[in-house]
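Everything below concerns the one structure shown next.
Computation of the quantities below employed the complete heavy-atom set of this structure, encompassing side-chain atoms and omitting hydrogens, waters and symmetry-equivalent molecules. Throughout, a chain's letter reflects where its sequence line sits, starting with A, and its residues are numbered from 1. As the structure is a prediction and not an experimental result, all values here were calculated from the model.
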Amino acid sequence: MSGLLDPRDAEKILSTALKNGGDFADIFIEKKKGTGITCEADKIERVFSGLDVGAGIRVIYDGRTAYAFTNDVTFEGLMKVAEEISKVIQGNNVSIILNMQQKEPPYSFEIKEAPDKVSVDEKVGIVDRANKAARSYDNRIKQVIVGYGDAVQEITVANSEGTYINGERIRTRLIVNVVASDGKHIQTGFESAGGFSGFELFKTVSPVELARKAAARAVLMLEAKPAPAGQMTVVMAGEAGGTMIHEACGHGLEADLVQKKLSVYAGKMGEKVAAETVTVIDDATIPNLYGSFPFDDEGMEGQKTVLIENGVLKSYMYDWLTASREKRKSTGNGRRESYQYKPIPRMTNTYIAPGKYDPQEIIEQTDKGLYVKKMGGGQVNTTTGDFVFEVSEGYLIEKGKVTVPVRGATLTGNGPQVLQTIDMVGNDLGWAIGTCGKDGQGVPVGDAQPTIRIPKLVVGGILE
Amino acid sequence: MDESKYTEIAGELIQKAQKSGAEQSEVYLTASEELTIEVRDQEVETMKKANEFGVGLRVIKDQKIGFAFTSEVKPVSLENLVREAVANSDKTSVDKYNIIPEPSEDYPSVDIFDPELEYIPIERKIELAKEIERHGKAYDKRVKITESCTYQDSKYVIVVVNSQGIETAYKGTFAGGYSYFVAEENGDQQTGFGLQFSTKIDDLNPKDIGIEGAQKAVSMLGAKNIKSQKASIVLDPYVMTNFFSVIAPALTADSVQKDKSIFKGRVGQKVASDLVTIVDDGRMSGGIFSAPFDGEGVATSETVLIKDGILQGFLYNTYTAAKDGVKSTGNSVRLSSYRGTPEVGTTNFYLKGGQHSRDKLVSEVKKGLYVTEVMGMHTANPISGDFSIGVAGIWIENGEFSHPVRGAVIAGNILELLSGIDFVADDLRFFAGKGAPTVRVSEITISGD
């Protein structure tokens with residue numbers, strides 16, 4: 001793969017950035033081409049294509065970061081930025097000898113149909129099919145929004161340690177949002193699918209099925225009664241997605257937050273931080289998942305990192321800067337939304353490893369509680385570990401059986417406490433995709449969990 | 001940043017688009033310079049400089065609309081931009097309301113550019129960030145950790161040129177500061193933040209920003225869970241502006257026309273308590289989002305959306321206005337800058353302040369929660385208006401603050417919340433483009449243990 005920047009030019013640019021001193025420098029160049037299609041009100045409203053080209057240059061000196069980005073990626077443009085950034089550093093003259101060695105990717109994901117080789121008509125066809133399927137599902141469906149998006153992102157990363165990599169990330173996704181109303185209530189149903197994948201995504205994901213699922217949820221929730229309020233046992237289905245593990249645990253294991261002592265998991269390495277049944281893994285190497293990649297945004301190979309093993313804290317997630325502070329290697333979690341941002345430690349695909357229970361058995365052993373079939377979005381305060389997330393499809397559990405649907409429930413609790421109390425872990429595993437936001441940067445992630453049971457959690461609902 | 005050069009580039013693109021078969025075309029071009037300084041423990045931790053440029057092109061052909069964008073100015077990229085925008089238009093649905101606007105009769109003059117900003121040395125800006133931290137740390141010994149104290153500023157140019165005679169540009173600036181602190185006591189850690197934004201750097205008060213973050217963190221120390229109950233809630237100005245993410249989308253004509261608004265068909269009806277007046281003002285003096293024209297080059301305006309609880313109307317861009325046969329309110333917003341099409345959105349959006357003080361508001365509460373922090377507001381549903389969000393704050397007992405509370409959830413519907421407002425204080429405050437005073441809601445379910 002040819003890069004976006006000649007290795008010899010990269011050496012000159014980084015030498016310039018470091019001419020007034022500095023411990024490390026890198027350059028990230030990106031060329032991203034994408035297509036977006038949205039359908040709403042039964043119309044193809046928008047078809048757009050975009051080209052985003054830019055580069056970010058970073059110098060780290062005494063643990064501090066100077067960062068600059070530009071859309072002018074000509075050699076002269078980049079040298080100008082390198083000059084500008086070198087002025088921020090008032091250190092001693094150090095001469096770093098740069099010798100770029102190109103690294104080959106440790107693995108690659110097969111892309112069968114690159115989205116830029118697929119006609120817009122075919123993409124519109126996917127959107128049309130999803131729209132029609134959702135609209136014809138029920139006469140209470142009032143609005144359907146379908147969004148298709150693809151992106152081909154070429155990157156080149158070079159750093160002052162001699163790393164030089166070229167990468168290509170191809171991602172495709174489809175979202176369906178359905179609004180249903182019975183004249184009295186309005187409810188919505190949302191489904192999404194996506195991956196490090198080309199157009200072949202739709203060989204495994206049926207747009208029609210996805211749309212029907214979203215429509216079914218919106219209609220079902222019209223008939224649901226308001227969720228109860230207070231503390232109760234919660235069983236989360238594998239197919240619910242891993243929002244909870246992502247929010248309640250994952251963020252607190254990102255090394256930047258840990259080092260600033262902004263995480264409840266700071267200083268707990270080797271300690272028991274979860275129930276023995278709980279093993280948590282972050283894995284960028286799983287083929288074609290939404291959060292997967294061969295190289296991270298600092299040119300580090302993607303990895304599988306066991307974060308918590310049988311309840312014991314084993315590792316945090318590191319990028320270059322946080323790893324260097326502990327004189328260790330990055331875990332390949334240095335990610336950024338685009339050239340406009342400095343890399344920070346981020347999750348890739350994060351999940352709780354499957355356990356031993358049949359999911360059905362977990363429900364049967366629960367006398368009374370809330371069954372979460374689909375989770376929505378969430379948020380965590382990593383310092384306190386307090387989290388909240390929404391339940392987009394929930395039911396009551398009564399005498400070991402899943403009974404009536406409930407709407408509007410929110411789960412809130414404390415991440416570390418919840419992990420300590422998980423008492424049953426199922427043998428299934430369900431993935432969901434998302435865009436994770438941190439420090440104003442959004443990156444694609446995957447998250448998953450088996451069916452799990454939490455004996456006590458606060459459910460936000462309505463008091464009768 | 002040279003406006004005339006950008007206007008020239010935009011003009012050439014319009015000519016190319018018209019030659020390539022577009023019946024109407026529009027270029028939205030933006031260039032900006034941004035600076036961010038993050039300080040921790042009186043050292044600059046991150047300094048970021050950004051130069052951004054990009055152009056979005058919208059074309060209409062046979063009543064169908066196409067869009068493309070690029071951040072690369074190379075001739076070949078600009079050729080591709082035109083070709084793709086025209087090609088994309090072929091794939092969208094025919095809609096007779098697809099139009100590119102003509103120039104407005106008159107444009108407001110707004111004071112949003114601080115000519116001093118670029119001449120202020122970077123050392124002074126670093127000092128400002130450090131000052132924020134010093135004031136926060138000095139506020140209370142228990143303020144132990146700085147997550148970050150930040151100074152940020154931006155200078156930008158926005159150019160809109162179209163085939164219908166609009167050829168216009170403006171320059172703007174803003175500067176802001178944040179503080180994020182962690183307070184510690186007896187093994188308990190709590191966080192707090194403060195922020196300020198203004199079009200002028202001289203308006204920033206580092207002391208206020210620092211103390212606000214520190215004070216919030218300290219006040220939450222020792223927070224406990226509470227029992228589930230029905231009680232009053234008091235929303236501080238920042239928390240109230242958070243609810244705008246549910247209210248504002250429902251006040252756009254786009255949501256109404258697409259059956260996604262709880263306000264549809266209710267103009268002239270009572271949709272909120274008498275105390276509620278909500279305004280969007282795109283030409284407000286000192287407003288961060290004030291501008292002479294919107295994302296399509298249409299003059300901005302002041303729009304009263306809800307007056308004394310009665311729904312007055314909605315926000316419009318050119319498309320939605322054409323569809324309803326009304327005039328655009330100048331609320332076409334480029335949410336994704338040059339990367340996106342103009343949608344209907346807010347400018348400076350606020351809930352008008354009331355007559356009496358916050359102290360009076362609190363003194364009248366028998367039992368309730370003064371909410372200073374919300375979590376998961378993005379999970380609230382702007383279509384149904386339903387929300388169920390995590391809250392933290394200070395418990396009020398017999399008109400006095402008693403103890404901090406965490407881990408509670410409030411749930412309800414935004415219409416109920418707006419109707420349940422029984423006090424609006426006089427302390428209207430803006431957080432960038434959103435403003436609100438402290439408000440009180442008579443009763444709501446608070447879920448706890």
Parallel, tilted or perpendicular: which describes the rings of Tyr97(B) and Tyr319(B), with under 30° parallel and over 60° perpendicular? perpendicular
Test the Lys48(B)-Phe69(A) pair against the cation-pi criterion, namely NZ or CZ under 6.0 angstrom from the six-membered ring centroid and within 45° of the ring axis. no
Measure distances from Ile145(A) to the heavy atoms of chain B and classify the residue's part below 4.5 Å as side chain, backbone, both or neither. side chain
Looking at Phe181(B), does the NZ or CZ of Lys216(B) lie under 6.0 angstrom from its six-membered ring centre and within 45 degrees of the ring axis? no
For Val88(A), is it the side chain, the backbone, both, or neither that has a heavy atom closer than 4.5 Å to a heavy atom of chain B? side chain
Which bit of Asp72(A) is near chain B, if near means a heavy-atom gap under 4.5 Å: side chain, backbone, both or neither? neither
Between Gln340(A) and chain B, which part of the residue has a heavy atom less than 4.5 Å away: side chain, backbone, both or neither? both
Return the orientation label for the Tyr338(B) and Phe69(B) ring planes: parallel under 30°, perpendicular over 60°, tilted otherwise. perpendicular
For Phe387(A), which atoms come within 4.5 Å of any heavy atom of chain B: side chain, backbone, both, or neither? backbone
By a 4.5 Å heavy-atom criterion (distance strictly below it), what part of Arg58(A) contacts chain B: side chain, backbone, both, or neither? neither
Could you look at Phe190(A) and say if it's the side chain, the backbone, both or neither that has a heavy atom under 4.5 Å from chain B? neither
Can you say whether Val459(A) sits under 4.5 Å from chain B via the side chain, the backbone, both, or neither, judging by heavy atoms? backbone
Given the options Gly412(B), Ser447(B), Gly376(B), Gly56(B), which has more heavy-atom pairs under 4.5 Å with chain A than any of the others? Ser447(B)
Under 4.5 Å from any heavy atom of chain B - which part of Glu45(A): both
Under a plain distance cut-off of 3.5 Å, with no hydrogens placed, do Thr46(B) and Lys342(A) share a side-chain donor-acceptor pair? yes
